[in-house]
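Reading through the structure tokens given below for one structure.
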Amino acid sequence: QVQLVESGGGLVQAGGSLRLSCAASGSTFSINAIGWYRQAPGKQREYVAGISIGGSPNYADSVKGRFTISRDNAKNTVYLQMNSLKPEDTAVYYCNADILHLTTGWGTRSYWGQGTQVTVSS
């Protein structure tokens with residue numbers, strides 16, 4: 001079993017910045033890919049950004065140029081640096097990871113964190 005814990009959410013004014021973190025812990029594992037999704041009230045959950053094990057990032061068009069995703073493989077942690085925040089970015093942000101379990105026969109499984117609230121005021 002693997003647990004994902006997000007942190008770094010909060011309340012900021014438009015144009016401000018936040019840095020989200022997601023740390024994975026638990027059984028022996030390897031993170032194949034990890035990324036961020038978000039869900040605003042009354043809206044469908046949407047993809048925000050992801051990063052491969054080799055460090056290749058990709059972004060949703062809505063955040064491209066403003067958000068930067070990175071990972072520290074040694075710490076099993078992914079970060080999302082969010083700059084130039086807009087009220088439209090307000091949502092609960094969820095960490096998601098595809099994880100290969102190394103000491104069991106479970107193979108690759110998908111895990112979700114509990115989410116962290118990001119609120120951007122006008």
Side-chain angles (χ1 to χ4, degrees):
Q1 294 291 324
V2 175
Q3 184 180 24
L4 304 179
V5 179
E6 304 99 332
S7 62
L11 173 64
V12 298
Q13 296 185 32
S17 298
L18 284 173
R19 189 192 190 208
L20 306 184
S21 299
C22 174
S25 62
S27 303
T28 302
F29 60 86
S30 176
I31 301 176
N32 292 336
I34 192 167
W36 294 91
Y37 291 72
R38 67 187 182 187
Q39 188 166 23
K43 295 186 178 180
Q44 190 175 29
R45 185 173 297 185
E46 65 176 349
Y47 174 81
V48 176
I51 189 166
S52 70
I53 190 171
S56 298
N58 59 83
Y59 303 93
D61 289 340
S62 59
V63 306
K64 194 172 299 181
R66 300 187 296 119
F67 292 8
T68 302
I69 189 170
S70 61
R71 67 186 293 176
D72 186 334
N73 291 330
K75 297 181 179 180
N76 290 320
T77 301
V78 64
Y79 307 95
L80 186 67
Q81 178 66 47
M82 305 186 296
N83 299 326
S84 302
L85 283 163
K86 305 175 181 179
E88 306 92 88
D89 296 318
T90 296
V92 177
Y93 283 69
Y94 296 92
C95 179
N96 173 253
D98 292 327
I99 292 177
L100 173 63
H101 297 79
L102 300 179
T103 59
T104 71
W106 293 353
T108 300
R109 296 186 177 186
S110 180
Y111 290 86
W112 292 89
Q114 295 297 313
T116 184
Q117 177 70 49
V118 172
T119 303
V120 184
S121 62
S122 301

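For the pair V120 and E88, the minimum side-chain heavy-atom distance is 4.5 Å or more. Counting heavy atoms from C-beta on, the side chains of K75 and S21 never come closer than 4.5 Å.
For residues 16-96, every residue pair satisfying the disulfide (SG to SG under 2.5 Å) rule, not counting sequence neighbours, is listed here: C22-C95. Contacts classified as ring-ring contact (aromatic ring centres under 6.0 Å, His included) and involving residues 77-101 (residues at least two apart or in different chains) are given here: H101-W106, H101-Y111.
Panel note: side chain E6, backbone G115; a donor-acceptor pair is recorded below 3.5 Å. Using a distance-only test at 3.5 Å, with no hydrogens or angles considered, a donor-acceptor pair links the side chain of R71 to the main chain of S52.
Residues S25 and N76 bring no donor and acceptor atom of their side chains to less than 3.5 Å of each other.
The CG atom of L18 sits 8.5 Å away from atom OG1 of T116, with the distance rounded to the nearest 0.5 Å. Considering CD1 of I69 and CD of Q81, their distance stands at 12.0 Å, rounded to 0.5 Å. Atoms CG and CD1, on N96 and I34 in that order, are 8.0 Å from each other to the nearest 0.5 Å. Rounding to the nearest 0.5 angstrom, the gap separating the CZ atom in R66 from the CG atom in L85 is 6.5 Å.
Criterion: ILVMFWY side-chain heavy atoms under 4.5 Å apart, direct or through other members. Under it, V118 and L80 are part of a common hydrophobic cluster. Tracing side-chain contacts under 4.5 Å through hydrophobic residues (I, L, V, M, F, W, Y), one reaches Y37 starting from V92; they form part of the same cluster.
Nearest heavy atom pair, residue S122 against residue P87, reads OG-CG, 3.9 Å. Shown here for A24 and I31, the closest heavy-atom pair between the two residues is CB-CD1, 4.0 Å. Considering every non-hydrogen atom in both Q1 and R109, the closest pair reads NE2-NH1, 4.4 Å.
Shown are V48, N83, T68; of these, the side-chain contact (heavy atoms from CB on, under 4.5 Å) with V63 is made only by V48.
Q114 meets the side-chain hydrogen bond (donor to acceptor under 3.5 Å, both in side chains) test with no other residue; sequence neighbours excluded.
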Salt bridge (Lys or Arg N to Asp or Glu O under 4.0 Å) between D61 and K64, worked out: CA-CA 5 Å; D61 289 340; K64 194 172 299 181; 3.3 Å; yes
